[in-house]
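Ligands are counted one by one from 1 in listed order, and the atoms in each one are counted from 1 as well. The model shown is predicted, which means the values in this text are computed figures rather than measured ones.
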Amino acid sequence: MTKLRLFTPGPAMVPEEVLLTMARPVDHHRTAQFRAVFEDVTKHLQYLFGTKGACLTLTGSGTCAAEAAIVSCLPKGHKALVCDGGKFGERWGKICDAFGIANTKYKLDWGHGFKPEGVKKMLDADKSIDTVIVTHSETSTAAVSDVQGIAKVTRERDVLLIVDGITAVGAIPVKMDEWGVDVIITGSQKALMLPPGLGFVAVNDRAWKRIDGGTTPTYYNNLKAYRKSMAGNDTPFTSANVMILGLQVVLHRVKEEGLESIWKRVATMARATREAAVAMGMKVFAADPSDSVTALWVPEGVDEKTLRKSLRSKYGMQIAGGQDHLEGKIIRIGHMGYIDVFDALSVIGALELVLLEQRYKLEPGVGLAAAQRVIARG
Ligand SMILES: *Cc1c(COP(=O)(O)O)cnc(C)c1O
């Protein structure tokens, strides 16, 4: 027998009490009871994002939320700088292209995070750019960008900052109002410990001004419609009400643990994983590693497909591989969602076992010992 453990950077594991809540008989969504839940959820989302602004809950995955934000904030006449350092950065460029939105792609080698100096240079070089889109934690490369620093640059000018916070919000420090980020999006199946299906968009007043000044070529994903319904604690279309009941439980857990403690726990597990890997003779892929997910180079002589297959079939653990040119070359292990330090240790232990299976030279326990030392230090 094995126990299923998801270490994928989405979907991530869901707590039992959330599953139980979602297993209750399905109620109608236009009721006073549900509106009370939705009001509570919206309030807690503000805590999660660190904002007093509107937090909208959309039915659709994270990409749906990103499309809604990008299309709403970039009506005709505006131009985006798309920070593209991996699969997701690339996707936001594709959304712009699909809607005919003017944009410049600012590419970085995979594994590197975007820094304020680089963004500033790009903005100085093209004064027609009035929007920056950046992925906080680029899940495909496990690299983190300096969103706080980039926000300092954008808020000094008439430039909006849209942040893809999927795998950042609820895992690593994100402080929307304090940093001056205009729009942040996230999804349900990563740090929010829920199944896939919900997208979230947090919007500040500066962004609403832009949104209200233009028209959005979309019907379902219209943020103005969501804002209007939200005034009555409602959604414009049938909401994924069962997921929202689960979300309420998640957000109460987040409030109870406290964001600061969550960030600290996730950072400890990430550091433990990185130090374990180094002790095992492996290398961390990202030059600017994110704490919500870790990417490791697959050592020479080890077959990545066999390794991941073995982890799944023998030990019930699902991790992720690399995408595009990194396929077969890296593995990715998530630290977000319903994961505690013992889960983090378990995947390191299992990784040692599947490496040994491929005759990789390793003293059993070296990775675990390194990880335990990090956890012991706290
Ligand atoms: C998962 C992910 C997405 C895409 O979200 P979906 O829910 O799969 O649509 C976008 N950006 C980042 C950083 C992600 O990790």
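- Taking the six-membered ring for Trp and thresholds of 30 and 60 degrees, Phe285 and Trp297 have ring planes more than 60 degrees apart, a perpendicular arrangement.
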What are the distances between nitrogen or oxygen atoms of ligand 1 and protein nitrogen or oxygen atoms, counting only those under 3.5 Å?
{"residue": "ligand 1", "atom": "7 (O)", "partner": "Ser61", "partner atom": "OG", "Å": "3.4"}
{"residue": "ligand 1", "atom": "7 (O)", "partner": "Gly62", "partner atom": "N", "Å": "2.8"}
{"residue": "ligand 1", "atom": "7 (O)", "partner": "Gln189", "partner atom": "NE2", "Å": "2.8"}
{"residue": "ligand 1", "atom": "9 (O)", "partner": "Ser61", "partner atom": "OG", "Å": "2.6"}
{"residue": "ligand 1", "atom": "9 (O)", "partner": "Gly62", "partner atom": "N", "Å": "3.4"}
{"residue": "ligand 1", "atom": "9 (O)", "partner": "Thr63", "partner atom": "N", "Å": "2.9"}
{"residue": "ligand 1", "atom": "9 (O)", "partner": "Thr63", "partner atom": "OG1", "Å": "2.5"}
{"residue": "ligand 1", "atom": "11 (N)", "partner": "Asp164", "partner atom": "OD2", "Å": "2.6"}
{"residue": "ligand 1", "atom": "15 (O)", "partner": "Thr139", "partner atom": "OG1", "Å": "2.4"}
{"residue": "ligand 1", "atom": "15 (O)", "partner": "Lys190", "partner atom": "NZ", "Å": "2.7"}

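- Between Asp97 and Arg91, no side-chain nitrogen of the basic residue sits less than 4.0 Å from a carboxylate oxygen of the acidic one, so the salt-bridge criterion is not met.
- With respect to Ser310, the side-chain hydrogen bond (donor to acceptor under 3.5 Å, both in side chains) criterion is satisfied by exactly one of Glu357, Gln358, Lys305: Glu357.
- Between Asp303 and Arg308 there is no salt bridge, since no side-chain nitrogen of the basic residue lies less than 4.0 Å from a carboxylate oxygen of the acidic one.
- Remark: aromatic rings of Phe200 and Phe49 are distant, center separation not under 6.0 Å.
- Between Tyr226 and Tyr220, the ring centre distance reaches or exceeds 6.0 Å.
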